[in-house]
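The structure under discussion appears below in the form of structure tokens.
From a predicted model like this one, the values you see are computed outputs, not experimental measurements.
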Amino acid sequence: MIHGDVFEISNFVSFLQTDRIKKPTWYYAVPTIHKALILHLNKQPLKNHHLRFARSGADHLNHTDAMELAELLSCPVVRTYSMTECMPVCACEVKLDMSKVDTVGKAVCCDLKIIDVETNRACEIGEVGE
């Protein structure tokens, strides 16, 4: 997994396929790690794992990568919106329909407002904003 300051994808994949008594059933990572896993699994698919879901945070995991990862792992990928110094502010349910592009779900434990950055007004439901 991490040796010194370097993340080693092959060690991570070995850990996911472990036959130990305590098998990993989920993991949380940033999009860079998910992308590394996608590239690795496209060359060498997982033989056996017990993952129920994978979770992504800290940065935007694009829709294409989320869908490909879900297919490679045969489990949902839960996307969140968060910052390094705080918990996720938005999260989707594990059963969320992933076909909706670029969604991160509903606000959790906070108020959240999506705004039109040019006018600084609150967006209506369905409008694009930040």
Please report the C-alpha distance between I38 and L72 in whole Å, then the side-chain angles of each, then the deciding distance to 0.1 Å, and finally whether the side chain to side chain contact (heavy atoms under 4.5 Å, CB included) criterion is met. CA-CA 7 Å; I38 289 167; L72 289 166; 4.1 Å; yes
Does E71 have any salt bridge (charged side-chain N to carboxylate O under 4.0 Å, His left out) partners at least two apart in sequence or in another chain, and if so, which? none
If you take all heavy atoms of R52 and C75, which pair is closest and at what distance? O-CB, 3.5 Å
Work out which heavy atom in N42 is nearest to a heavy atom in E68; give both atom names and the distance. ND2-OE2, 2.8 Å
Return the CG to CD1 distance between L39 and I9, rounded to the nearest 0.5 Å. 9.0 Å
Applying salt bridge (charged side-chain N to carboxylate O under 4.0 Å, His left out) to K23 and not counting sequence neighbours gives none
Can you list every pair that meets salt bridge (charged side-chain N to carboxylate O under 4.0 Å, His left out) and has a residue in residues 37-46, with sequence neighbours left out? none
Taking only residues two or more places apart in sequence, or in another chain, which ones meet N120 in a side chain to side chain contact (heavy atoms under 4.5 Å, CB included)? I115
Once side chain to side chain donor-acceptor pair (under 3.5 Å) is applied, do any residues pair with Q17, and if so which ones, sequence neighbours excluded? none
Checking I33 now: which residues fulfil side chain to side chain contact (heavy atoms under 4.5 Å, CB included) with it, not counting sequence neighbours? F7, A29, V30
The reported gap from CG in D59 to NE2 in H34 (rounded to nearest 0.5 angstrom) is 10.5 Å
So, for C123 and D116, which heavy atoms are closest and what is the spacing to 0.1 Å? SG-N, 3.4 Å
Residues 121-130 vs side chain to side chain donor-acceptor pair (under 3.5 Å), sequence neighbours excluded, gives R121-E127
Side-chain heavy-atom pair H63, R79 within 4.5 angstrom cut-off: yes
Could you check whether F15 and Y27 have their ring centres less than 6.0 Å apart? no
Please give me the minimum heavy-atom distance between L73 and A54, naming the atom from each residue. CD1-CB, 4.1 Å
Sole candidate of V77, V78, T25 that passes side-chain contact (heavy atoms from CB on, under 4.5 Å) when paired with F53: V78
Say you draw a straight line from CG of L41 to CG of L46; how long is it, rounded to the nearest 0.5 Å? 4.5 Å
State whether the side chain of D65 and the backbone N or O of L61 hold a donor-acceptor pair below 3.5 Å, judged by distance alone. no
Say you draw a straight line from CE of M67 to CG of N62; how long is it, rounded to the nearest 0.5 Å? 11.5 Å
What closest approach, in Å, do P31 and G57 show between heavy atoms, and which atom pair accounts for it? CD-O, 3.5 Å
